[in-house]
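Inspection log for the structure reproduced underneath, given as structure tokens.
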Amino acid sequence: MGSAQQNAGVLYVVATPIGNLQDLSARALQVLRSVPLIAAEDTRHSKKLLAHYGIGTRQMALHEHNERGITASLLRHLAAGEDLALVSDAGTPLISDPGFYLVRAAREANVRVVPVPGASALIAALSVAGLPSDRFLFEGFLPSKSAARQQRLQALAAVTVTLVIYESSHRICASLRDMVDCLGGSREATVARELTKTFETILHGSLDELLQRVESDADQQKGEFVVLIHGAQARERSAVDAETLRMLEVLLAELPLKQAAGLVAKISGLSKNVLYEEGLKLKDSG
Ligand code: SAM
């Protein structure tokens with residue numbers, strides 16, 4: 001633990017709006033106006049926000065591909081006594097956004113790092129989802145490939161607190177499908193789309209219902225998404241109950257495993273993958 005560098009500048013980590021430009025705080029505005037330099041994820045993107053507020057501060061790009069390289073020069077800037085503001089394209093820097101390397105390096109160099117809090121999609125979504133918010137797990141983005149995504153979701157299947165996941169328009173349907181398969185279609189969930197923007201939509205229902213709703217409406221596949229899923233209930237955490245196993249066994253005698261697991265998943269609301277595993281065990285023991 002070290003004390004702050006004498007005469008060094010301050011690194012301000014500044015949250016910016018996630019859509020509605022009015023969501024920039026008065027303090028963020030004042031910091032962005034007064035610092036000599038802003039490190040921005042995409043300077044063209046931030047230029048629009050700065051222009052909206054008539055801020056002429058010089059910008060420098062800091063994105064995931066140059067963060068390591070540029071950090072040394074930003075630290076020199078801070079060591080020379082000049083303040084610096086870090087912003088990302090939207091929301092809070094470091095939350096599924098660049099900045100971790102710079103903040104860590106600044107801390108190691110005993111530079112004062114000051115948060116200027118504001119919007120973040122995960123907190124905005126959690127605040128309106130109506131799902132338990134006393135405890136939650138922020139997962140960020142799931143892997144883009146389905147096999148890796150399913151593996152990750154299976155690892156999350158027994159988590160009992162609310163899951164918060166970021167998703168893009170390219171993958172929202174595929175991701176919801178994998179969520180149904182790995183977590184079970186009956187799980188209560190919320191899909192928060194385009195928060196604070198013109199087409200803001202907050203859909204609530206079971207994962208099955210949400211998948212159907214989003215798949216059947218191209219408009220609901222556009223924009224940016226936060227998916228929030230109720231944590232696992234005690235029933236899901238324990239092994240599949242005897243009645244469900246019996247149902248699986250009966251269907252397995254007549255149908256291929258995949259189909260039997262799929263049907264039992266639909267009837268019981270349990271995860272297809274969990275039932276597939278149980279079916280494999282039944283087949284092995286039979
Ligand atoms: N740093 C940002 C924050 O604090 O929320 C997150 C940046 S991350 C690269 C972008 C993702 O955040 C999007 O793909 C989406 O999942 C989520 N997101 C950002 N803005 C959103 C909005 N207005 N509505 C819903 N989700 C949003």
Side-chain angles (χ1 to χ4, degrees), residues 18 91 95-96 119-143 146 148-169 171-196 200-217 220-221 223-241 243-245 247-248 261-278:
I18 56 169
I95 306 301
S96 295
S120 188
L122 87 99
I123 298 297
L126 196 62
S127 73
V128 293
L131 292 168
S133 53
D134 50 343
R135 295 179 66 218
F136 62 91
L137 189 152
F138 175 57
E139 183 60 22
F141 289 98
L142 292 169
S146 186
R149 188 163 57 231
Q150 291 197 6
Q151 206 174 13
R152 189 75 212 115
L153 284 166
Q154 267 151 27
L156 295 171
V159 172
T160 54
V161 300
T162 298
L163 300 173
V164 186
I165 293 167
Y166 279 172
E167 199 44 274
S168 71
S169 54
R171 283 190 281 274
I172 186 66
C173 286
S175 248
L176 284 171
R177 240 174 273 132
D178 286 342
M179 289 168 190
V180 167
D181 282 352
C182 299
L183 308 176
S186 63
R187 278 264 192 128
E188 189 188 349
T190 297
V191 174
R193 182 177 82 94
E194 294 287 88
L195 292 170
T196 77
E200 177 180 276
T201 321
I202 296 152
L203 302 173
H204 196 82
S206 69
L207 278 175
D208 264 338
E209 288 164 348
L210 291 170
L211 171 62
Q212 208 181 11
R213 176 81 175 85
V214 175
E215 259 185 339
S216 64
D217 183 348
Q220 291 303 324
Q221 297 164 25
E224 301 189 282
F225 299 82
V226 184
V227 182
L228 306 99
I229 308 167
H230 199 292
Q233 311 279 7
R235 189 167 86 96
E236 289 167 88
R237 275 181 289 139
S238 63
V240 178
D241 63 60
E243 196 187 332
T244 309
L245 267 186
M247 183 161 43
L248 184 61
L263 280 173
V264 179
K266 278 212 171 87
I267 297 165
S268 66
L270 292 173
S271 142
K272 189 156 80 184
N273 292 39
V274 167
L275 291 161
Y276 190 90
E277 293 296 319
E278 290 298 330

Taking all non-hydrogen atoms of both residues, which atom of [X] and which atom of [Y] are closest, and how far apart?
| X | Y | value |
| --- | --- | --- |
| C173 | V214 | SG-CG1, 4.1 Å |
| A232 | R187 | CB-NH2, 3.4 Å |
| E215 | Q221 | O-NE2, 3.3 Å |
| L153 | C182 | CB-CB, 3.7 Å |
| V274 | S271 | N-OG, 3.1 Å |
| Q150 | N273 | OE1-ND2, 3.7 Å |

Item to check | Positive for side chain to side chain contact (heavy atoms under 4.5 Å, CB included) with H204, one of V128, T190, V191 | outcome: T190
Run the side-chain donor-acceptor check on residues 130-138: report pairs under 3.5 Å with partners two or more places apart or on a different chain.
none

Below 4.5 Å, heavy atoms only, C-beta onward: do [X] and [Y] meet side chain to side chain?
| X | Y | result |
| --- | --- | --- |
| L163 | E139 | no |
| E224 | R193 | no |
| S168 | F225 | no |

Next on the checklist: Set out, in order, the CA-CA distance, both residues' side-chain angles and the distance that settles side-chain contact (heavy atoms from CB on, under 4.5 Å) for V227 and I172, then state yes or no.
Outcome noted: CA-CA 9 Å; V227 182; I172 186 66; 3.8 Å; yes
Next on the checklist: Does I267 form a side-chain contact (heavy atoms from CB on, under 4.5 Å) with V264? I'd like the steps, not just the answer.
Outcome noted: CA-CA 5 Å; I267 297 165; V264 179; 5.5 Å; no
How long is the gap from [atom1] on [X] to [atom2] on [Y], to the nearest 0.5 Å?
| X | Y | atom1 | atom2 | value |
| --- | --- | --- | --- | --- |
| Q212 | L207 | CD | CG | 12.5 Å |
| Q151 | Q154 | CD | CD | 7.5 Å |
| L176 | I229 | CG | CD1 | 8.0 Å |
| L248 | E243 | CG | CD | 13.0 Å |
| I18 | T196 | CD1 | OG1 | 4.5 Å |
| Q220 | L203 | CD | CG | 5.0 Å |

Checklist entry - Given the rule in the salt bridge (charged side-chain N to carboxylate O under 4.0 Å, His left out) test, do R213 and D217 qualify, once you have shown the distances and angles that lead to the verdict? => result CA-CA 6 Å; R213 176 81 175 85; D217 183 348; 3.3 Å; yes
Checklist entry - Has the side chain of E209 got a donor or acceptor atom that lies under 3.5 Å from a matching backbone atom of S206? => result yes
Item to check | Listed partners of S146 passing side-chain hydrogen bond (donor to acceptor under 3.5 Å, both in side chains), at least two apart | outcome: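 For S146 the side-chain hydrogen bond (donor to acceptor under 3.5 Å, both in side chains) partners, ignoring immediate neighbours, are D178.
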Item to check | E194, CD: over 12 other non-hydrogen atoms inside 6.0 angstrom | outcome: yes
Next on the checklist: Just to verify, what does E188 make a salt bridge (charged side-chain N to carboxylate O under 4.0 Å, His left out) with, not counting sequence neighbours?
Outcome noted: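 Here no residue qualifies.
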Next on the checklist: Testing the 3.5 Å rule here: is there a donor-acceptor pair between the side chains of E167 and S175?
Outcome noted: yes
Item to check | Check against side-chain contact (heavy atoms from CB on, under 4.5 Å), V226 and I165 | outcome: CA-CA 6 Å; V226 184; I165 293 167; over 6 Å; no
